[in-house]
**Student:** 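If you scroll down you'll find the structure; I have some questions about it.
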Amino acid sequence: MSVISNTTVISNFACIGQLDLIRQLHRKIYISVQVYEEIQAGINEGYLFYTDIEKYIYPFAESGWIHLTNMCDESEFCLYGKLPLRLHKGEISCLSIACHRKWLFLTDDRDARNQARQMKIRLSGSLGCLILAAERKLCSVNQAEEWLHQMILNGYYSPVTDLTQLLNSEKMI
């Protein structure tokens with residue numbers, strides 16, 4: 001299944017120096033042009049963890065595993081115009097694309113997650129990625145917990161501070 005991410009998940013992993021963990025989990029992800037613009041705005045605002053992110057983004061880097069995409073048909077553009085304005089353009093574009101292409105949507109934004117649930121879009125986020133990494137033995141549970149705490153220290157408003165309560169849970173995170 002293809003995966004599209006909005007800015008929040010990328011930011012959380014980039015700010016702790018673990019962006020490659022997303023690649024290990026999903027091999028390739030997509031971001032919309034609007035998400036890329038949000039990342040560029042972050043660079044302009046001084047978010048240094050985005051420095052050199054272009055080396056991961058295709059087509060800027062031939063071997064990039066983050067692929068730029070855009071809405072490409074009338075139904076995606078129409079949905080984009082109908083979604084609530086309280087959402088950011090990156091979230092709206094990702095929702096439009098994920099809905100029409102049946103992709104997994106990575107986001108930590110509460111409003112975007114609620115909207116995705118209403119639209120029956122499969123979703124996950126930073127917590128889901130950390131849990132999946134521990135379950136696949138890409139890291140220990142303790143390491144995943146440490147990364148979560150680092151994310152929280154960097155401003156991530158996590159609904160939990162203990163991953164063990166979510167491990168082996170049936171609930172999609």
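This chain uses plain numbering: 1 for the first residue, then up along the sequence. It should be emphasised that the depicted structure is a prediction, and the values quoted were computed from it without experimental measurement.
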**Student:** Check the side chains of Thr164 and Asp162 for a donor-acceptor pair under 3.5 angstrom, ignoring hydrogens and angles.
**Tutor:**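 A pair is found: one side chain offers a donor N or O, the other an acceptor, under 3.5 Å apart.
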**Student:** Is the number of heavy atoms from other residues, nucleotides or ligands under 6.0 Å of Leu85 CG greater than 12?
**Tutor:**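 No.
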**Student:** Side chains of Glu146 and Gln150: do they bring a donor and an acceptor to under 3.5 Å?
**Tutor:**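 Yes, a side-chain donor-acceptor pair sits under 3.5 Å.
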**Student:** For atom CZ of Arg27, is the number of surrounding heavy atoms from other residues, nucleotides or ligands below 6.0 Å larger than 12?
**Tutor:**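 Open: at most 12 neighbouring heavy atoms sit under 6.0 Å from CZ of Arg27.
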**Student:** Go through the side-chain N and O atoms of Asp109 and Asn6 and say whether any donor and acceptor fall under 3.5 Å apart.
**Tutor:**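 Note: Asp109 and Asn6 side chains miss the donor-acceptor criterion.
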**Student:** Students often mix this up, so state it plainly: with edges at 30° and 60°, are the rings of Tyr47 and Phe49 parallel, tilted or perpendicular?
**Tutor:**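 The rings of Tyr47 and Phe49 sit tilted, inter-plane angle from 30° to 60°.
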**Student:** Strictly by modelled atom types, are Glu76 and Tyr80 linked by a side-chain donor-acceptor pair under 3.5 Å?
**Tutor:**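 Absent: no donor and acceptor within the cut-off.
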**Student:** Apply side chain to side chain contact (heavy atoms under 4.5 Å, CB included) to the pair Leu106 and His26, showing each step before the final yes or no.
**Tutor:** CA-CA 11 Å; Leu106 299 180; His26 299 291; 4.3 Å; yes
**Student:** Which heavy atom of Cys94 sits nearest to which heavy atom of Ser5, and what is that distance?
**Tutor:**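 Scanning both residues, the minimum pair turns out to be SG-O, 3.5 Å.
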**Student:** Examine the side chains of Gln24 and Asp20 and answer whether a donor and an acceptor come within less than 3.5 Å of each other.
**Tutor:**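 Distance-only check passes for Gln24 and Asp20.
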**Student:** How long is the gap from CD1 on Ile121 to CG on Leu95, to the nearest 0.5 Å?
**Tutor:**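 The CD1 atom of Ile121 sits 5.0 Å away from the CG atom of Leu95.
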**Student:** Going hydrophobic residue to hydrophobic residue with side-chain gaps under 4.5 angstrom, can you get from Ile131 over to Ile152?
**Tutor:**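 Yes, because Ile131 and Ile152 connect within a single hydrophobic cluster, where side-chain heavy atoms sit under 4.5 Å apart.
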**Student:** Find the distance between NZ (Lys102) and NE2 (His100) and round it off to the nearest 0.5 Å.
**Tutor:**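 Answer rounded to 0.5 Å: 8.0 Å.
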**Student:** Go through Ile4 and Arg101 one step at a time and tell me if the side chain to side chain contact (heavy atoms under 4.5 Å, CB included) criterion holds.
**Tutor:** CA-CA 10 Å; Ile4 190 163; Arg101 300 181 198 178; over 6 Å; no
**Student:** Under a single-linkage definition using a 4.5 Å side-chain heavy-atom cutoff for Ile, Leu, Val, Met, Phe, Trp and Tyr, are Tyr56 and Tyr58 assigned to the same hydrophobic cluster?
**Tutor:**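 No.
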**Student:** I'd like to know whether NE2 of His67 has more than 12 heavy-atom contacts from other residues, nucleotides or ligands below 6.0 angstrom.
**Tutor:**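 Atom NE2 in His67 is crowded, with more than 12 foreign heavy atoms closer than 6.0 Å.
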